[in-house]
Amino acid sequence: MNKVVAGQAIAGKSTAMQNAVTELMRISPLADELAKLFAKAGHSLYLVGGSVRDMMLRRLSSDLDFTTDARPDQVLKIVSAWGDAVWDVGIAFGTVGVTKQGMTLEITTFRADSYDRVGRNPEVTFGDSIEGDLLRRDFTVNAMAIDLANKTFVDPHGGLQALQDKVLDTPATPQESFADDPLRMLRAARFSAQLGFTAAPRVVDAMASMAEEIDRITAERVQTELSKLLLADDPRPGIELLVDTRLADRVLPEVPGMRLAIDEHHQHKDVYQHSLTVLAQAIDLEKSHEPTSEPDLILRLAALLHDVGKPATREFQPGGGVSFHHHEVVGAKMARKRLRALKFSKEIVQDVSQLVFLHLRFHGYGKGEWTDSAVRRYVTDAGDLLPRLHKLVRADCTTRNRKKAAALQATYDDLERRIEAIQAQEDLDRVRPDLNGEEIMRILGLKPGPDVGKAWKHLKELRLDRGPLEHDEAVAELKKWAAENGIG
């Protein structure tokens, strides 16, 4: 290592350590108080894992992780009178939870687990040393600790250097680590997205060769990791790692499947790359429109999956063109099926699939040829999803032709202005027929039943087509419809 590189390395470590000192000072009174309680009882206490990593990165949260040589029943005894609240839900795995002064603390006994390598639940074995505990952790950047009794830094696996280099590596060999817990492969992708770290070559190789091991993990746990990955500031590196190692083939095969389809504009390497660009642009719009809001999982899932129906609908046209007719319909079904398999909530499944279904509708707008009726239907079909649909449609414009891109955005500006103008005259967010169910029954002499629903639906269609009707006009239309259908 030459002097310049060595100097940079020392400076990087020094900065990380200074960050840690600053963050430690922030939580010091609480940590010192807790450490003294453990020392008085004859036990050590370490701040450990992600808490130490985040301390180095100046992103420490109010959730802190500790480890100790004290057994769980001893931990309970030490913290019971000290904490504002104490819970023992995880005590079978050696973890006791405590809240204190608005902080959430999890204190876990040193672990030296063994795995059957069939599932991912370990045979819980308590350890006797901090070194043994750190060896069993997922990545070296999470295998650092601070001895709170004397404020010494414990880093047997080079976690600080890995943190400085932004590299994800494992304390043990990746093969051993992933065989013990295959979920760690998804965590590698998630940390790539959340932290901007690069997986070490041996980690990438192990992920690729062991991808099928992820089948041992439940759909719920896979979904949790994928959601966290997508909610990162930049999900792309994590998605690319999943695709490149073929893990995505096991957990989200529709995404690598898009590499098969060249998009109809011939402006992108493939639909997969286009979808990653749409995801990035949707996130930019999300941040610019609601900068203080939480990341939007529904929008991000829709952006990633909006074109998953293209491979199944690809048709080659004379002269070298490619079409993907009705890919939004097929894609919505595919998205719904995959999200259900991953155990997403019914709301997320419905909202994402509806956004995929609607994302192409705008392209029929042309240069503003839509009637007011068509605009009303666009708003009504989107419902509460309209703000997300606006972002998705805008994000889907990825053409490199600046003039064409500007024209598309201007056209969508025009549509939004028309929506606002019509909404100023009508309450499009709650479009209802001009006559309610009770009025329909009274006018037609009906009792509650299917015919009332049919009449209500007919009047709503009229409302969408023609806008608000005068009362007498609505009554006349209702009676006309009833006569034509032999109702009443």
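Atoms considered below: every heavy atom in the structure, side chains included; atoms not considered: hydrogens, waters and symmetry mates.
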- [ ] To the nearest 0.5 Å, tell me how far Leu297 CG sits from Leu231 CG.
- [x] 5.0 Å

Task: Minimum-distance pair of heavy atoms, taken over all atoms of Phe153 and Met56 - done: CE1-CE, 3.2 Å

Open item on the list: Measuring only between side-chain heavy atoms, which start at C-beta, is Arg53 closer than 4.5 Å to Leu195?
Closed with: yes

Task: Donor-acceptor pair, side chain of Thr140 and main chain of Gly158, under 3.5 angstrom - done: no

Task: Between OH on residue Tyr378 and CG on residue Leu415, distance to nearest 0.5 Å - done: 6.0 Å

- [ ] State whether the side chain of Asp155 and the backbone N or O of Leu160 hold a donor-acceptor pair below 3.5 Å, judged by distance alone.
- [x] yes

- [ ] May I ask you to test the Asn142-His157 pair for a side-chain heavy-atom distance under 4.5 Å?
- [x] no

Task: Note, His390 side chain near Ile419 side chain (heavy atom, < 4.5 Å) - done: yes

Task: Over 12 foreign heavy atoms within 6.0 Å of NZ, Lys287 - done: yes

- [ ] Look at the side chain of Arg300 and the backbone N and O of Leu230, then say whether any donor-acceptor pair between them is shorter than 3.5 Å.
- [x] yes

Open item on the list: Could you check whether Asp296 pairs with Lys391 (Lys NZ or Arg NE/NH1/NH2 to Asp/Glu carboxylate O, under 4.0 Å)?
Closed with: no

TODO: Starting at CG of Leu247, measure out to CG of Leu226 and round the result to the nearest 0.5 Å.
DONE: 10.0 Å

Open item on the list: If you count heavy atoms of other groups shown closer than 6.0 angstrom to CD of Glu33, is the number above 12?
Closed with: yes

Task: Gap between atom CG of Leu301 and atom CZ of Phe344 - 0.5 Å precision - done: 5.0 Å

Task: Pairwise distance OG1(Thr313) to NE2(His326) - rounded to 0.5 angstrom - done: 9.5 Å

Open item on the list: To check you understand the geometry: which heavy-atom pair defines the closest contact between Val86 and Ser80, and what is its length?
Closed with: CG2-CA, 4.1 Å

Task: Heavy-atom closest pair, residues Pro311 and Val308 - done: CD-O, 3.3 Å

Open item on the list: Within the 4.5 Å heavy-atom criterion, are Met210 and Pro182 side-chain neighbours or not?
Closed with: no

Open item on the list: Out of the candidates Thr68, Thr67, Asp147, only one should pair with Leu45 under the side-chain contact (heavy atoms from CB on, under 4.5 Å) rule; please name it.
Closed with: Thr68

Open item on the list: Is there a side chain to side chain contact (heavy atoms under 4.5 Å, CB included) between His274 and Asp396? Walk through the geometry before answering.
Closed with: CA-CA 8 Å; His274 162 74; Asp396 195 25; 3.0 Å; yes

Task: Pairwise side-chain contact, Met334 with His327, heavy-atom cut-off 4.5 Å (strictly under) - done: no

TODO: Could you tell me whether the side chain of Arg259 and the main chain of Pro256 form a donor-acceptor pair under 3.5 Å?
DONE: yes

Open item on the list: So if I apply the side-chain contact (heavy atoms from CB on, under 4.5 Å) rule between Met258 and each of Val271, Leu305, Leu276, which one comes out positive?
Closed with: Val271

Task: Closest contact, heavy atoms only, Arg338 versus Pro253 - done: NH2-CG, 3.4 Å

TODO: Could you tell me whether the side chain of Leu229 reaches within less than 4.5 Å of the side chain of Leu242, counting heavy atoms only?
DONE: yes

Task: Step-by-step side chain to side chain contact (heavy atoms under 4.5 Å, CB included) determination, Leu279 to Arg236 - done: CA-CA 8 Å; Leu279 173 60; Arg236 185 171 191 141; over 6 Å; no

Open item on the list: With a sphere of 6.0 Å drawn around CG of Asp63, does it hold more than 12 non-hydrogen atoms of other residues, nucleotides or ligands?
Closed with: yes

TODO: Would you confirm whether Asp128, through its side chain, and Asp69, through its main-chain N or O, come within 3.5 Å as a donor-acceptor pair?
DONE: no

- [ ] Of all the heavy-atom pairs spanning Ala206 and Gln175, show the shortest one and how long it is.
- [x] CB-NE2, 3.8 Å

TODO: Of all the heavy-atom pairs spanning Ser353 and Arg336, show the shortest one and how long it is.
DONE: OG-NH2, 3.4 Å

Open item on the list: Are the side chains of Leu304 and Leu252 in contact, using a 4.5 Å heavy-atom criterion?
Closed with: yes

TODO: Kindly say whether Asp54 contributes a backbone atom to a donor-acceptor pair with the side chain of Arg59 at under 3.5 angstrom?
DONE: no

Open item on the list: For the NE2 atom of His43 and the OG1 atom of Thr109, what is their distance to the nearest 0.5 Å?
Closed with: 9.0 Å

Task: Leu34 and its side-chain contact (heavy atoms from CB on, under 4.5 Å) partner, picked from Leu47, Val79, Val98 - done: Val79

Open item on the list: Run Thr411 and Phe362 through side chain to side chain contact (heavy atoms under 4.5 Å, CB included) and show every step you take.
Closed with: CA-CA 9 Å; Thr411 302; Phe362 159 72; 3.8 Å; yes

Open item on the list: Which label fits Phe110 and Tyr46: parallel for a plane angle under 30°, tilted from 30 to 60°, or perpendicular past 60°?
Closed with: tilted

Open item on the list: Strictly below 4.0 Å, N to O, side chains only: are Lys343 and Glu220 in salt-bridge contact?
Closed with: no

TODO: Check step by step if side chain to side chain contact (heavy atoms under 4.5 Å, CB included) holds for Glu328 and His363.
DONE: CA-CA 12 Å; Glu328 75 281 10; His363 293 283; over 6 Å; no

Open item on the list: Under the criterion salt bridge (charged side-chain N to carboxylate O under 4.0 Å, His left out), I'd like the reasoning laid out for Arg361 against Asp381: C-alpha separation, chi angles, the key distance, then a yes or no.
Closed with: CA-CA 10 Å; Arg361 176 103 38 111; Asp381 289 348; 2.8 Å; yes

- [ ] State whether the side chain of Arg216 and the backbone N or O of Ala179 hold a donor-acceptor pair below 3.5 Å, judged by distance alone.
- [x] yes

Task: NZ (Lys100) with more than 12 external heavy atoms under 6.0 Å - done: yes

Open item on the list: When you compare the side chain of Ser51 with that of Leu60, does any pair of heavy atoms fall below 4.5 Å?
Closed with: yes

Open item on the list: Quick test of your reading of the model: are Arg137 and Asp133 salt-bridged, counting only N-O distances below 4.0 Å?
Closed with: yes

